[in-house]
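Worth saying up front: this structure is predicted, and the values here are computed from it rather than measured. The figures here come from the full heavy-atom set of this structure, side chains too, leaving out hydrogens, waters and symmetry mates.
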Amino acid sequence: MKLIERDIPPRAVWALEQAGVHPLLARLFAARGVSGHDELDDGLARLLPPGSLKGANEAATLLADAIAADRRLCIVADYDCDGATACAVAVRGLRLLGAQHVDYLVPDRVVDGYGLTPPIARRVKERGADVLITVDNGIASVEGVAEARALGLQVLVTDHHLPAAELPAADVIVNPNQPGCAFESKSMAGVGVMFYVLLALRAELRQRGTFDAATQPKLDVLLPLVALGTVADVVKLDANNRRLVAQGLKRVRAGALQPGLAALFSAAGRQARVATTFDFGFALGPRINAAGRLSDMTLGIECLLTDDPARADELARLLDGINRERREIEGGMRDQAFVIAESLLAEGVNGDFEPPPALCVFDAGFHEGVVGIVASRLKDRLHRPTFVFAASGAPGKAHELKGSGRSIAGFHLRDALDLVAKRHPGVLLRFGGHAMAAGCTLDAEALPVFEAALSQVAREWLDAATLTRCLETDGPLAPEYRRTDLVDTLHREVWGQGFAAPTFSEEVEVVSQRLVGEKHLALKLKHQGQPVDGIWFGHTDPLPARVKLAFRLDADEWQGVRRVRFLVEGAEIQD
């Protein structure tokens with residue numbers, strides 16, 4: 001691993017410090033591209049205007065007309081945390097704004113596959129709906145939208161995934177990534193897109209005189225859900241997304257959160273009053289996602305929708321149990337995937353055994369609901385674009401494989417799939433996704449062709465520098481900042497994809513080291529002459545007496561005393 005220190009523009013640091021920003025935060029923000037204090041203003045007034053999102057005003061008109069005519073609305077959700085929170089935001093928000101008939105339907109990962117399919121459109125019609133609204137899906141559902149329209153449904157697509165050449169013939173599409181959309185935040189999650197549609201709808205209803213600025217429903221109550229879905233979907237935290245997350249966190253910490261979120265915090269053993277983006281991404285998000293992976297995402301959505309604390313607690317405990325099962329399945333799959341991947345290693349130019357430029361792993365025993373997590377673990381370990389496949393469990397589709405992929409910087413996964421599809425027509429039955437995560441379906445017999453084709457694209461696109469694992473850090477930590485109050489200060493900020501949590505790096509002395517739980521390395525370190533504890537989760541190889549470590553700051557409590565602890569993220573070890 002190579003540790004690279006971020007550039008820190010001194011003028012930006014000075015400007016932020018002059019505006020009253022703590023010196024450590026000023027340095028961290030400047031290194032992440034913040035040049036002025038106004039960029040740190042997370043007030044709702046600083047959000048990008050809904051009118052600049054293509055289709056939002058047209059969606060508002062469609063929904064306002066539907067509410068006025070007392071039409072029946074049905075949300076078609078996705079089965080991940082972004083889709084679940086987007087569905088909950090849609091249902092809660094539409095009801096707040098006067099809709100009397102709001103239903104939802106979430107596809108089954110195994111039986112239905114992804115997105116709005118023709119069978120899903122027919123089920124929506126059978127429920128008596130007049131208007132079909134997709135959240136976090138639909139931009140690739142050309143056939144499903146066509147079927148819905150043929151059945152007489154109005155269709156509103158709200159999505160954030162990258163569109164293909166052909167757009168669905170929906171009545172309205174709201175997607176910051178659709179052609180012709182000038183909205184600055186291209187990285188908004190599906191839940192953020194739906195929230196913006198609600199903002200536009202409220203403005204439309206104000207214009208119609210349904211209510212005024214004083215009497216209008218307060219949509220900010222939905223921001224905790226928006227924040228959870230945004231962080232859990234690992235979208236880039238640009239300035240607009242950071243504001244959405246910051247506003248959601250403020251409400252969660254103040255106790256203004258839905259009963260389901262409160263119950264999930266409790267089930268995860270976390271405290272809402274000191275909530276962080278880490279809680280959203282690694283505690284609440286996985287518990288919601290587990291329902292879609294192993295069971296029925298309806299459980300997750302119902303947890304987010306209920307206003308009954310007892311019911312919320314029951315559902316949160318159920319989700320926690322499903323997540324425990326997911327972890328067990330993932331552990332076995334991960335170990336097997338590592339064995340398969342190691343069999344693919346070949347001797348490189350330096351004599352080291354290296355993985356191929358892209359990895360494809362399949363085992364007949366893999367569970368399709370967990371392949372994405374395993375792909376992520378494998379990608380992290382070997383630093384290669386990785387696809388993990390499982391046999392489809394859908395009726396009549398046993399010959400199909402469903403794959404989930406994760407990528408590394410410099411390799412746009414969806415574009416790679418698009419190129420494979422063009423070079424080998426018919427190999428990919430379906431595909432879609434983003435730069436860093438994508439999914440595809442193919443016939444089992446086509447797996448060798450896909451594997452070779454993906455590796456060929458990787459050989460063309462990736463060079464030695466890209467294939468070298470690098471970790472960006474914020475450089476040395478001044479000893480005066482090794483304090484628990486500054487740990488708390490850092491934790492209160494919004495960090496995530498594209499606005500990475502602070503990671504420091506410097507040479508330290510390793511005083512002692514031991515394994516805990518057979519898979520974590522507990523460390524006694526000397527940092528600039530002072531003792532400090534450290535832990536490297538998931539790492540078992542011993543370290544040399546002096547080593548350059550990358551670490552995050554954490555606080556550990558022992559016998560009522562809080563102390564700073566280093567969470568090790570990586571090490572640069574010289575040969």
How far apart are the closest heavy atoms of [X] and [Y], and which atoms are they?
X	Y	answer
S185	P176	O-CB, 3.7 Å
V157	T134	CA-OG1, 3.2 Å
A12	A30	CB-CB, 3.8 Å
F265	A275	CZ-CB, 3.7 Å
V371	V388	CB-O, 3.5 Å
F183	S52	CD1-OG, 3.2 Å

Is it the case that the side chains of [Y] and [X] hold a donor-acceptor pair, with the cut-off being a distance below 3.5 Å and no angle test?
X	Y	result
Q247	R251	yes
R326	N323	yes
D308	T306	no

Do the side chains of [X] and [Y] get close enough for a salt bridge, i.e. N-O under 4.0 angstrom?
X	Y	value
R92	D307	yes
D42	R46	no
R492	D488	no
E204	R208	yes
R149	D171	yes

If you count heavy atoms of other groups shown closer than 6.0 angstrom to [atom1] of [X], is the number above 12?
X	atom1	result
K250	NZ	yes
K397	NZ	no
F282	CZ	no

State the [atom1]-[atom2] distance between [X] and [Y], to the nearest 0.5 angstrom.
X	Y	atom1	atom2	result
T230	M188	OG1	CE	8.5 Å
M194	D136	CE	CG	12.5 Å
L318	C303	CG	SG	9.5 Å
R72	R127	CZ	CZ	12.0 Å
Y104	I133	OH	CD1	15.0 Å
K186	Q178	NZ	CD	8.5 Å

Do [X] and [Y] come close enough that some side-chain heavy atom pair is under 4.5 Å?
X	Y	value
E147	L151	yes
E330	V374	yes
L257	L225	no
R430	Y114	no
D418	F431	yes
D103	V124	no
L97	R202	yes
C81	F280	no

Any side-chain to backbone donor/acceptor pair from [X] onto [Y]? Under 3.5 Å, distance only.
X	Y	value
T277	W495	yes
D82	A189	no
N137	V76	yes
K402	G369	no
E493	L490	no

Could you go step by step and tell me if N240 and Y196 meet the side-chain contact (heavy atoms from CB on, under 4.5 Å) rule?
CA-CA 12 Å; N240 206 61; Y196 261 73; 3.2 Å; yes

Go through L205 and L201 one step at a time and tell me if the side-chain contact (heavy atoms from CB on, under 4.5 Å) criterion holds.
CA-CA 6 Å; L205 292 174; L201 173 57; 4.0 Å; yes

side-chain contact (heavy atoms from CB on, under 4.5 Å) assessment of V191 paired with D233:
CA-CA 9 Å; V191 67; D233 211 45; over 6 Å; no

Take V193 and N175 through the test side-chain contact (heavy atoms from CB on, under 4.5 Å) and record every step on the way to the result.
CA-CA 7 Å; V193 175; N175 182 337; 5.9 Å; no

Angle class for the H434/H160 ring planes (parallel below 30°, perpendicular above 60°, tilted otherwise)?
tilted

